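Notes to accompany the following structure.
Owing to the predicted nature of the structure, the values given are computational and were not obtained by experimental measurement.
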Amino acid sequence: MFQLYKQRSFSDLINDTFLFFKSTGKNYFRNYFIINGGILLILILLIYIVSKVFFDGLFSSFGTPNAVQIVEDYFSDNLGYFIATSIVTGIVIILLTMLSYSFPVIYLKLMETNEKPETSQIAAALKAKAGKIIIFALLSLVTFIPIAAICTAICTILVFVLIGIPLFIIVVAALTCWIFLSFFDYLNNDTDYFTAMGNGYRMLMNKFWHYTGVTAIFFLIVYIVHSIISFIPYFIGMFSMFTERINDSENMDLSFFGIMMLITIILSVLLSFVLTNLTIINQGIIYYSSLENQQNTTLHSDIDQIGTDSE
């Protein structure tokens, strides 16, 4: 059974994240796609429809003398369509983001009493916590988002100085860790938003460099995996277009390139949500490790079991 409450070193925070997926990944992702799969499919369908219409209009007049005017007229005539689908797509993305970000938190909480949580348990817990999830998202717009915007702006300016690049990485990783630790605390305990925000900050500062460093490493892992996989169709499309241009510059067919671009966009969105689980589970490992450091939960549990056994 995977041990949530455990005092972990820097390397343990990394290794235990992968150990979690090794030991319980099958059950985790089965439930993830059962609960999130429907909305994810709707999002992919919306992206396909919008992207296909976009690329059809973009490539339909390619190579013609008045291509720019034709494209402008096309998008002008379909402006209402693009606005409506963009609004619907935005709403779906917000709903899916809140659901996807909450799923790992709920799953780990249920693992405290059940090694392999069932879909019905997860769904019931998500439903019970729906109000808190929405409140956290709304209040974050006026707390974490402004803080992140100010810090990011300062770091962006400092990027022109050599110290700005590592500082930018540290700040983004620290802010992300703070947000998720607060989110875990808010959903798992009977606390108000600002209390959870303060608890998350204290957890982060307890082992700042450990938690920030691990978060930055997982950002890098997710970024590399996402980039390699999602850009494969794009490079295939670019290569085919380049080859076709060499072979027949007058009759170049952009349909295959458009298909590859469409696959790239869909794959990129899908990977973004799936790979986010790696980051959030890692934040969960950090959260439960921090609780163990503060409360010695495992020690108290062992003492209680000794008392029970003696009876």
Side-chain angles (χ1 to χ4, degrees), residues 1-32 36 100-117 121-122 125-126 129 133 136 169-170 172-189 191 196-197 199-226 272-302:
M1 181 177 179
F2 183 81
Q3 186 177 352
L4 286 175
Y5 292 98
K6 175 183 175 183
Q7 293 190 16
R8 295 176 170 92
S9 63
F10 182 87
S11 59
D12 289 335
L13 292 171
I14 298 174
N15 295 333
D16 282 4
T17 302
F18 292 107
L19 178 62
F20 169 85
F21 288 106
K22 182 179 179 181
S23 61
T24 191
K26 183 177 180 180
N27 182 70
Y28 178 89
F29 281 111
R30 182 180 68 84
N31 284 294
Y32 176 83
N36 297 278
S100 294
Y101 280 35
S102 304
F103 178 88
V105 181
I106 298 299
Y107 190 94
L108 290 178
K109 180 63 176 178
L110 292 173
M111 276 190 67
E112 293 183 30
T113 55
N114 184 1
E115 182 179 1
K116 294 184 178 180
Q121 292 178 301
I122 302 170
L126 284 169
K129 298 291 185 179
I133 294 170
F136 188 91
I169 296 172
I170 292 170
V172 171
L175 281 171
T176 301
C177 190
W178 181 16
I179 292 170
F180 278 116
L181 288 176
S182 301
F183 189 43
F184 270 91
D185 189 75
Y186 183 64
L187 287 191
N188 289 345
N189 302 301
T191 57
M197 191 176 177
N199 291 340
Y201 180 80
R202 282 186 287 274
M203 288 181 186
L204 172 63
M205 291 302 164
N206 186 41
K207 287 188 175 182
F208 179 84
W209 292 111
H210 277 66
Y211 297 162
T212 301
V214 169
T215 302
I217 288 173
F218 273 89
F219 273 167
L220 182 61
I221 293 172
V222 169
Y223 174 76
I224 292 173
V225 174
H226 181 276
S272 295
F273 282 102
V274 173
L275 291 175
T276 296
N277 288 280
L278 184 63
T279 302
I280 302 178
I281 289 297
N282 174 251
Q283 296 301 300
I285 300 298
I286 291 174
Y287 171 77
Y288 284 98
S289 300
S290 180
L291 287 183
E292 179 64 20
N293 292 334
Q294 296 174 8
Q295 304 172 5
N296 288 320
T297 304
T298 303
L299 177 62
H300 296 323
S301 177
D302 291 341

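- Distance check, rounded to the nearest 0.5 Å: OH of Y201 to OG of S182 gives 11.5 Å.
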From CA spacing to verdict: side chain to side chain contact (heavy atoms under 4.5 Å, CB included), F183, S102: CA-CA 9 Å; F183 189 43; S102 304; 3.5 Å; yes

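- Looking only at distances, no side-chain donor or acceptor of T24 sits under 3.5 Å from a matching main-chain atom of F21.
- Enclosure of atom OH in Y32 by more than 12 non-hydrogen atoms of other residues, nucleotides or ligands within 6.0 angstrom is indicated.
- The ring of F29 has its center no closer than 6.0 angstrom to the ring center of F103.
- The shortest heavy-atom contact between L187 and K129 is O-NZ, 2.8 Å.
- A distance of 6.5 Å separates CG in L181 from CG in L204, rounded to the nearest 0.5 Å.
- Using a 4.5 Å cut-off on side-chain heavy atoms (C-beta onward), Y107 and N27 make contact.
- The minimum heavy-atom distance linking W178 with G200 is given by the pair CD1-C, 3.6 Å.
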Please table the atom pairs, donor to acceptor, closer than 3.5 Å between any side-chain atom in residues 275-289 and protein atoms at least two apart or in another chain.
residue, atom, partner, partner atom, Å
T276, OG1, S272, O, 2.4
N277, OD1, Y28, OH, 2.5
N277, ND2, F273, O, 3.3
N277, ND2, V274, O, 2.9
N282, ND2, L13, O, 3.3
N282, ND2, T17, OG1, 3.0
Q283, NE2, T215, OG1, 3.0
Y287, OH, N189, ND2, 3.3
Y288, OH, E112, OE2, 3.0
S289, OG, K6, O, 3.4
S289, OG, R8, NH1, 2.8
S289, OG, I285, O, 2.6

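- Annotation: the span from N199 atom CG to R202 atom CZ amounts to 4.5 Å, rounded to 0.5 Å.
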Chi angles and distances behind the side chain to side chain contact (heavy atoms under 4.5 Å, CB included) call for M203, L291: CA-CA 8 Å; M203 288 181 186; L291 287 183; 3.7 Å; yes

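- Between the CG atom in L108 and the CZ atom in F184 there is a gap of 5.0 Å [rounded to 0.5 Å].
- In this structure, NE2 in H210 is found 7.0 Å from CZ in F10, a value given to the nearest 0.5 Å.
- Residues F219 and A173 come closest through the heavy atom pair CE1-CA, 4.0 Å.
- Looking at heavy atoms from C-beta onward, I221 lies in side-chain contact with F18 at the 4.5 angstrom threshold.
- Atom CG of L220 is separated from atom CD1 of I224 by 4.0 Å, given to the nearest 0.5 angstrom.
- Qualifying side chain to side chain donor-acceptor pair (under 3.5 Å) partners for E115, counting only residues two or more places apart in sequence or in other chains: none.
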Please assess V172 against L175 for the test side chain to side chain contact (heavy atoms under 4.5 Å, CB included), listing each intermediate value before the final yes or no. CA-CA 5 Å; V172 171; L175 281 171; 5.9 Å; no

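- Qualifying side chain to side chain donor-acceptor pair (under 3.5 Å) partners for T113, counting only residues two or more places apart in sequence or in other chains: none.
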